[in-house]
Every structure is written in structure tokens, then in C-alpha cells.
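Within every chain, numbering begins at 1; the chains are lettered A, B, ... in the order of the sequence lines, protein sequences first and strands thereafter. Keep in mind it's a predicted model, so treat the numbers as computed, not measured. FYI, side chains are in, hydrogens and waters are out, and symmetry mates aren't considered; it's all heavy atoms of this structure.
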Amino acid sequence: MSIKTRFAPSPTGYLHIGSVRTALFSWLQARHYGGTFVLRIEDTDQERSTRESADAILAGMSWLGLNWDEGPHYQTERFDRYAGLAEQLVAEGNAYRCYCTKEELDEMREQQVARGDNPRYDGRCRERSEPREGVNPVVRLRTPDTGTVEIDDLVRGRVTYENELLDDLVILRPDGTPTFHFGVVADDADMGITHVIRGDDHLNNTARHIHLQNALGFDHPVYAHLPMILGEDGSRLSKRHGALNVLEYREQGYLPEAVLNYLVRLGWSHGDQEVFSVDEMIELFDVEDANASASKFNPEKLRWLNQQYIMTAAPLDLTPGLVEQMGKVGIDPSRGPAPQRVVEAYRERAETLRELAMSAEYLYTDNIPLDEKAAKKNLRPVVKEALTSLRDAFTELEPWTAEGIHRAMQDVADKHELKFGKIGQPVRVAVTGTGVSPPIDATVELVGRERTLARLDAALVYIEERAAAAG
RNA sequence: GCUCCCUUCGUCUAGCGGUAAGGACGCGGCCCUCUCAAGGCUGAAACACGGGUUCGAUUCCCGUAGGGAGCGCCA
């Protein structure tokens, strides 16, 4: 039988990294087994759900390439179905209307807590079927009083709950909308979901869901409860830990493959392998191999992986993202070398596309700032003559290639009896303004002849002025 | 408070009764080298604790401790 999994976020905020891991595992399970992946938006809480959140979630999924075969389904479109199901349960005696007021319930809870009991609904409306004036009833599931429920979870193993500890949960609100529990159970059944893969914050809820399925006469899906992702300090992942909107990672210059690769290794592994293409993940993943223990989010490793992907990607595949980043940092890509050449030069030197863009700024502007420390250290009178003759050599160099540039520099160095580095570093500072860049021949080539000559001139002026000032 | 879940280097993890407890990120050192990276080599770094079971426990069982989740007309 073909499997069917789903990702069912509620649109009450953006799609953050923890939800993405859940979505990824669910998606991978479907893809690995050639099954179907369903996207469902759980928007029964009409107070907190927004259209913007739903759209942001879809956009995030799309950016990551987590494509869905069905949906997005919206629960708000299925209210009639839930109402019908609830009516059926009431008719069959598996659910009942509860006329308790909020005040009443609050009071009950307070007393229970005061007594040291578990706060739970005591079932006082189970036998009272007559309506109460002015109260719109909720519908509650009649939960068995005795016995146990067992969950055979794919990652947790067998988990057992005592029924007497569970109370009668609300399945329909006074306005007829379903609660989360009811919506999930009805939808998973109606949509034919075979594997429910979700965060382990739902493990405790699963006992209730099984009771609901029993009452409704539904089959039980297979469950797999994934451990949470925690922040670096071990507390629940939040914004300050990097639980950003996934689209924020795009903003910062991360590649979707890197984000997925990082997340797949949180709670899952395949021997010693660290880098997985999406195809490899699909081939190797099985949620049964997922770990049961929570893991902490480690931005350093994400950065490392992102760099791995930048280093190995085809330069042309990276240029759209790079051009986008250039726009964000104020670079006009038409004023310098083709972006893919920047990728070639900087791919091992940047952990994000944002960094890549920023480090290439000197290639797209006429005026570069000189780093004072680097200039002081490298632009000194001893190299003045060498730089002058290099300037001359560059003026006539044909063709303008890294090889030719290297040869010219070597010749000048030899003529002035300098080691290559003694001239390389001053040229680097002159041409980039800083002491750091790719190999100097490639750098000079990218800067171009015109700007190189102008910058060498500027460096010579700098040396003159310093000498004059020193007296 | 009650219920459920979790526990190997700082972090992600391998391990599935007998290992010098392996890899990766990060950190230190060395090599390469025109700088910075990348790369190569290398170092420090872990089985939470206590009982069992067993000839033998990181591995199986039970406690304890610590962490997490749930106990809503939120999802």
C-alpha cells in the first residue's frame, strides 16, 4: 500500500526552522516510499490565523523545494464535515453537549488544583442532556473511564496511557468550529493519511486522537513523534536562537539545500556522512531511523554546510542568488566583472551569498577605501620602484589574464630582487584596499586594467605622502 | 502537582554485550602558501549517577538526578 504523509501547520506565524524539520521528515518519508505528501493549513483558530502566515508558509516550503502533491487544504473549508461528524458522535452516544460555562470550568479547575488533583473536566454534563438557558453548548467526546491506550510510535516505541487520567475533550466549540484535536483526526482520516509525522509536543495528545478515531470508527494511522529542536541554551527554540522565518535564511544568503542538509542531520544520520544531496536524503531516509532525543540548533554548523554547498555548486547556479544579494548590499553588478567570475574567485571564502557579495564590493566601484593598517604595513617606500615598474608592465600587458599578470609580477619581483610576496601583498592592498583577497593574479584580473592602474597610482601617491610626512 | 518522553565529547551524532568509544562542527598545533580561505595531517574533548542482569556493560532492566512536553472552548 502506498503511504501518505502530511504537514499541517497552523497559520499563526511564519514557518520557522523547527517546523521545517518536521515538514522535511514528513516529505522525505513520502518521497522515499514513493507516496503522497499533503499540505494542510490548520486554520480553525480564526482569531489567530492569518492569510499572511499561510502565504509565508507556502512561500517557505516552495523556496526549500518541499513540494506537495495535494492541497493546500484549509480546515475552514471543511466546517460542515466536522459538524456532521460531531452530530454522528452525539447521536451514537459517543459525545455529548456540555453546557458548562467558562466561569464554572475555571472554578472547577481552581478547586482541583487547590486539592492537589489533576486539573481535568469531571464529566458533569455527561448525563445532563437538557439545554441551559443562554448557554451555547460545546460538544465533548465521551472518553472511556477505564483501560489503557497504547501507541506504537515509530520513533518512541510503545507508549501507554491510562484512560482514567484523560478527560472528555471538547471537539466542537459553541460556534460549531472544531478544535484542533477533532480537525486533525477527521482530516487525517478523510485525506487517507497513513503516517502522522509531527513534533513530540503532540505525543500526549495522541491518546486522545486514538479515542476519537475509535469513536468515529476510523483506522489508526502510524505515528512518528519527532523530538524538538532546542536553542543553544537548551531552552525551547525561539527567535533569539535562530528560529527565524526560513525565508530570513534566504535573505541572509543561505542556500535551501544547505538548510535542508543541516536539518536532516538533526535527529537522523547515516553512518558518518555529513553532506547529503536531496536525492541522497530521499534514498536513505526512513523516519524509523530518527532519534528520540531532542537536539540543539547550532548555527555554526549550518554556516559550514552552507559554505560546502557554495564551494561545490556550479557558479552559474549561484549567480541569481548572488545578484540578489548584491542588490541588497548596494552593488551594481553591471559595473564590474560577471558575477559568476566572482563566485569562482570567492567560493571557498564565503559562508553565505551575502558575504560573497560584500567581499566583492571593490570590484564594482571606482573608489575604494584603503584599510589604514594594511596600507601602513604594506605600502612603504621600499616597494615604490617595484610598483612603478609593475604599473608600466601592466600598461602594456596583453592579454589581460591571470597568467600574464602573474608573469609580469614575477618578472618585476625578480628584477628588484624581491620575493613574490613582497610585491604581492602591496599590490593586493593597492588594488582591493585590504590585505585579504583571492590569489593576487586572479584578483588583479578581475579588477581590470583600468582600475588596477588607477589604484596603483593612488598607492604610489599614498607612499609619497607618507614619505613626505615622515620627513 | 500529575502523566508521558528524553540523557555518548561544548554541539550534531556512530555504536546496537567484548571497541584504543568512531566521524562532523567549533577550538588548538603543524603542513601547503603572495594574504585570506580551501585542503591535508594532528591535538584536547564524551558514555549523567546508583543499583541490578551477565563471565563481561556505553549497549538490557530498575531507580535517582537533570532536561523537555502535555494536563485549554491554542495548535
Quiz item: Taking side chain as C-beta onward, heavy atoms only, is A:Tyr249 less than 4.5 Å from A:Pro256?
Solution: no
Self-check item: Rounded P spacing from B:C9 to B:G1 in Å
Solution: 27 Å
Quiz item: So, is A:Arg173 close to the B:A75 phosphate, meaning a side-chain N or O under 4.0 Å from OP1 or OP2?
Solution: yes
Quiz item: Can you find an N or O donor on one side and an acceptor on the other, under 3.5 Å apart, linking the side chain of A:Arg120 with the base of B:C71?
Solution: no
Exercise. With C1' as the reference atom in both, quote the distance from B:C47 to B:A57 in angstrom, rounded to an integer.
Key: 11 Å
Practice problem: Give A:Gly267 one of three labels, base, sugar-phosphate or nothing, depending on what nucleic acid heavy atoms sit under 4.0 Å from its own. | Solution: sugar-phosphate
Quiz item: Just to confirm, is there a sub-4.0 Å distance from OP1 or OP2 of B:C74 to any side-chain nitrogen or oxygen of A:Gln75?
Solution: no
Quiz item: B:U19 and B:U59: how far apart are their C1' atoms, nearest whole angstrom?
Solution: 12 Å
Quiz item: Does some side-chain heavy atom of A:Leu397 sit less than 4.5 Å from a side-chain heavy atom of A:Arg449?
Solution: yes
Quiz item: Which heavy-atom pair separates A:Ala350 from A:Gln307 by the least distance, and what is that distance?
Solution: O-CG, 3.6 Å
Quiz item: Does CZ in A:Arg124 sit with more than 12 non-hydrogen atoms of other residues, nucleotides or ligands closer than 6.0 Å?
Solution: yes
Quiz item: Has the side chain of A:Asp201 got a donor or acceptor that lies under 3.5 Å from a partner of the other kind on the base of B:G70?
Solution: no
Quiz prompt | Nearest atoms (heavy-atom pairs only) where A:Thr432 meets A:Ser437 | solution = CG2-CB, 4.0 Å
Quiz prompt | Phosphate OP1/OP2 of B:A75 contacted by A:Thr44 side-chain N/O (<4.0 Å) | solution = yes
Exercise. Tell me what A:His181 touches on the nucleic acid: a base, only sugar-phosphate, or nothing, going by heavy atoms under 4.0 Å.
Key: base
Practice problem: For A:Met311, report the nucleic acid contact type (base, sugar-phosphate, nothing); a contact means any heavy atom under 4.0 Å. | Solution: sugar-phosphate
Quiz prompt | Pairwise P distance, B:G68 and B:A21 [rounded to whole Å] | solution = 32 Å
Quiz prompt | Same-atom distance (P) from B:C36 to B:G29, integer angstrom | solution = 13 Å
Exercise. Please determine if a side-chain N or O atom of A:Thr179 lies less than 4.0 Å away from the OP1 or OP2 oxygen of B:C73.
Key: no
Practice problem: Pick the P atom in B:G28 and in B:C6, then give their distance to the nearest Å. | Solution: 37 Å
Quiz item: Base, sugar-phosphate alone, or nothing: which one does A:Pro438 contact when heavy atoms must sit under 4.0 Å apart?
Solution: base
Quiz prompt | Pairing partner (Watson-Crick or G-U wobble, both distances under 3.5 angstrom) of B:U58 | solution = none
Exercise. Could you state the atom-to-atom distance from CZ of A:Phe276 to P of B:A14 in whole Å?
Key: 11 Å
Quiz item: Got a donor-acceptor pair under 3.5 Å from the side chain of A:Gln273 to the base of B:G23?
Solution: no
Quiz item: Any side-chain donor paired with an acceptor under 3.5 Å for A:Asp152 and A:Tyr223?
Solution: no
Self-check item: Reading 5' to 3' through nucleotides 26-32 of chain B, protein heavy-atom contacts under 4.0 Å coded B for base, S for sugar-phosphate only, - for none
Solution: S------
Quiz item: Which part of the nucleic acid does A:Arg109 contact within heavy-atom distance under 4.0 Å: base, sugar-phosphate only, or nothing?
Solution: sugar-phosphate
Quiz item: If you look at every heavy atom in A:Val90 and A:Tyr96, which pair is closest and at what distance?
Solution: CG2-N, 4.4 Å
Practice problem: Would you indicate whether the side-chain heavy atoms of A:Ile57 and A:Tyr14 approach each other to under 4.5 Å? | Solution: no
Practice problem: Look at all strands and tell whether A:Pro227 reaches a base, only sugar-phosphate, or nothing, counting heavy atoms closer than 4.0 Å. | Solution: nothing
Practice problem: For residues A:Pro227 and A:Asp200, report the shortest heavy-atom separation together with the two atoms involved. | Solution: CA-OD2, 3.6 Å
Self-check item: Flag if over 12 foreign heavy atoms under 6.0 Å of CD, A:Gln46
Solution: yes
Quiz item: Hey, what's the ring geometry for A:Trp268 with A:Phe285, parallel, tilted or perpendicular (30° and 60° as the breaks)?
Solution: tilted
Pairs under 3.5 Å (N/O, protein and nucleotides 2-6 of chain B):
residue	atom	partner	partner atom	Å
B:C2	O2'	A:Asn118	ND2	3.1
B:C4	O2'	A:Tyr161	OH	3.1
B:C5	O2'	A:Arg156	NH1	2.1

Quiz item: Under 4.0 Å: is that the gap between some side-chain N or O of A:Asn291 and OP1 or OP2 of B:A14?
Solution: yes
Exercise. Could you tell me whether the phosphate oxygens of B:U13, OP1 or OP2, come under 4.0 Å of any side-chain nitrogen or oxygen in A:Ser295?
Key: yes
Exercise. Please state the C1' separation for the pair B:C27 and B:A45 - nearest whole angstrom.
Key: 10 Å
